[in-house]
Amino acid sequence: MGRCAPWLALAFCALLAACATVEEAAKPACPSCPLCPAAPAGTPPAAPAPPPAKPLQPARWSDVPGWDVDDPAAAWPAFLQSCRGLAGKPQWPAWSAVCEEARTLPGKNAQAIRRFFESHFTPYLLTNPDGSTDGLVTGYYEPLLRGSRTRTAKYAQPVLGVPPDLLTIDLSEVLPDLKNMRLRGRLVGNRVVPYYSRAEIADRGLAKIYPEKVLLWVDDPVELFFLQIQGSGRVRLPDGKMVRLGYADQNGHPYKAIGRVLADRGELPIEQASMQGIQAWARANPSRLAELLDANPSYVFFREMPRPQNASDGPQGALGVPLTPGRSIAVNPRYVPLGAPVFLSTTQPLSAAPLTRLVHAQDTGGAIRGVVRADFFWGFGAEAGAQAGRMKQQGKMWVLLPTDFVATP
């Protein structure tokens, strides 16, 4: 046994050497790496989008065209109305000093009034998010309708008050940033769902479900439709008495312009898609009228307004004061504080003739969207309606705010 040990050791070493040789031979030769292709030229990263422009850009009085030409005394009664509407509201502290001084000024002295604004206010140019400063200026008015307290074959179109199942939720109570934003709907079980559209209100016969909410019956569905667009109006009863109606609420659906619907269908040239053009189309197509009106899902509910002390007073706007023909506008309150004076630079309806004047933000409207946007109040009656129906102009707007006002829309 001892003699075999050297031989065994020698054999074991040979086996190890053989194994090492086999293992080494099993390794494949490492191929040479091919040359890496040249990397394509890199595309530089896109430049970040510029931040949206602030809606209120400080300006100088010399930047406001026509400021020294317009007669500010003509707009003075409307400004005093705004002061009455602002009194007692949360924003009153920002306006109280200028409003109290305004009461001491002679109302017909144009130079004194101009100096008052120049010394106590700063003009701000309204600016769209993309930096542009032009926007749409339309017109509205207070229409006259024919109606009755009772339904008849002639008076068959219901003017509805606010139905009891309409919910209005003020979103600013949940998120303060959502100021002036409201959600409207109805309850189904324990869920809030959208309220009925215009077509659904007609199909369900809301006037039959809530007969106590019918304020009046009128004779013309087209005139009733335009009453809803204007937001207020007067109705003459068969005995000659006049009833005033004011905006009460809305069903929460977005406004859709039926003139644009007709234009998109090729049934009316866009330049004829005015109130007058729509009325003419309706008279020529009575069997298709309901379908056209239903294309606008928005529906406005009204309330009967008390008889004004002054019969010549305009309808009450969102600020809670009577509107002044030619000196009141409707605005988007997200960007223009209600009650603020605004210098408007636009043109007359279907004309290049300038319309530049001091007006006051005293109303709002469902179709007033965006920053540079205004609805110009023409007054009451057929002539005012003719002007309003034709107005679709471009314009600029300067908001006048007290010098210590914190402009943070």
Side-chain angles (χ1 to χ4, degrees), residues 138-161 163 166 194-211 213-238 243 245 247 250-302 350 365-367 381-382 384-386 388-392:
T138 52
Y140 72 119
Y141 75 111
E142 187 183 17
L144 174 63
L145 288 77
R146 298 172 297 274
S148 171
R149 294 283 186 186
T150 57
R151 181 173 185 171
T152 66
K154 179 179 180 180
Y155 302 112
Q157 306 297 322
V159 180
L160 294 176
L166 176 66
Y195 199 73
Y196 304 113
S197 67
R198 174 180 296 275
E200 291 168 335
I201 287 172
D203 290 344
R204 287 178 56 83
L206 222 60
K208 293 181 180 179
I209 297 174
Y210 303 118
K213 293 300 179 180
V214 178
L215 303 178
L216 296 167
W217 299 88
V218 296
D219 64 350
D220 190 329
V222 178
E223 294 297 328
L224 175 58
F225 181 86
F226 281 110
L227 171 69
Q228 294 191 11
I229 293 177
Q230 306 308 315
S232 62
R234 306 182 195 185
V235 180
R236 178 176 286 124
L237 303 180
V243 177
L245 298 174
Y247 173 93
Q250 188 255 1
N251 65 344
H253 288 262
Y255 170 81
K256 187 172 184 179
I258 60 173
R260 170 61 67 179
V261 172
L262 289 173
D264 290 345
R265 293 176 182 174
E267 299 193 49
L268 201 64
I270 189 62
E271 62 272 13
Q272 296 180 21
S274 62
M275 182 175 66
Q276 292 83 355
I278 294 169
Q279 289 170 330
W281 184 94
R283 287 191 294 270
N285 299 273
S287 63
R288 301 172 58 199
L289 178 59
E291 178 263 340
L292 173 66
L293 299 184
D294 288 345
N296 173 26
S298 174
Y299 195 97
V300 170
F301 304 105
F302 292 92
L350 299 180
R390 291 191 290 259
M391 190 171 194
K392 196 174 184 181

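Residue numbers start at 1 and run along the sequence shown.
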Heavy-atom nearest pair, Ala273 first then Gly259, reads CB-O, 3.6 Å

| request: Measure the shortest side-chain to side-chain distance between Leu292 and Asn285 over non-hydrogen atoms and say whether it is less than 4.5 angstrom. | output: no

I'd like to know whether CZ of Arg234 has more than 12 heavy-atom contacts from other residues, nucleotides or ligands below 6.0 angstrom. yes

Value for OG (Ser274) from CE (Met391), rounded to nearest 0.5 Å, stands at 14.0 Å

Thr152 meets the side-chain contact (heavy atoms from CB on, under 4.5 Å) criterion, sequence neighbours left out, with Thr150, Lys154, Tyr155

Pair Leu160-Leu206, side-chain contact (heavy atoms from CB on, under 4.5 Å): steps then yes or no: CA-CA 8 Å; Leu160 294 176; Leu206 222 60; 4.2 Å; yes

Closest non-hydrogen contact found for Lys256 with Pro297 is CB-CD, 4.2 Å

Exactly one candidate in Leu215, Leu237, Val214 meets side chain to side chain contact (heavy atoms under 4.5 Å, CB included) with Arg149; the answer is Leu237

Distance col, row Gln157:CD vs Arg146:CZ, nearest 0.5 angstrom, shows 12.5 Å

Sequence neighbours excluded, the answer for side-chain contact (heavy atoms from CB on, under 4.5 Å) partners of Gln272 is Leu268, Pro269

query: Do Arg260 and Ile270 have side chains that get closer than 4.5 Å, going by heavy atoms?
result: yes

| said: Looking at Leu262, is its backbone amide N or carbonyl O close enough to the side chain of Glu267 to form a donor-acceptor pair, meaning the two atoms are under 3.5 Å apart? | reply: no

Given the options Val261, Ile258, Leu293, Ile278 meets side chain to side chain contact (heavy atoms under 4.5 Å, CB included) only with Ile258

Taken in chain and number order and not counting sequence neighbours, the residues that satisfy side chain to side chain donor-acceptor pair (under 3.5 Å) with Tyr196 are Arg186, Arg204

| message | For Gln250 and Gln228, which I'm curious about, is there any donor-acceptor pair between the side chains at under 3.5 Å? | response | no

Correct closest heavy-atom pair for Leu227 and Pro143 would be CD1-CG, 4.0 Å

query: Heavy atoms, side chains only, cut-off 4.5 Å: are Leu145 and Asp220 in contact?
result: no

Output for pair (Asp294 CG, Arg198 CZ), nearest 0.5 Å, gives 7.0 Å

Taking every heavy atom of Tyr255 against every heavy atom of Ala367, the minimum-distance pair comes out as CD2-CB, 3.6 Å

So OH of Tyr195 and NE2 of His253: to nearest 0.5 Å the spacing works out to 9.5 Å

Looking only at heavy atoms, the pair that brings Ala282 and Val222 closest together is CB-CG2, 3.6 Å

**Side-chain donor/acceptor of Glu142 to backbone N/O of Ser232, under 3.5 Å** = no

CG (Leu144) and CD (Glu223) are apart, to the nearest 0.5 Å, by 9.0 Å

Could you go through Lys213 and Phe301, starting from their C-alpha distance and side-chain angles, then the distance that decides it, and tell me whether this counts as side-chain contact (heavy atoms from CB on, under 4.5 Å)?
CA-CA 10 Å; Lys213 293 300 179 180; Phe301 304 105; over 6 Å; no

When rounded to the nearest 0.5 Å, the distance separating CZ of Arg283 from CG of Leu289 is 11.5 Å

Ala207 and Trp217 have their tightest heavy-atom pair at CB-CH2, 4.3 Å

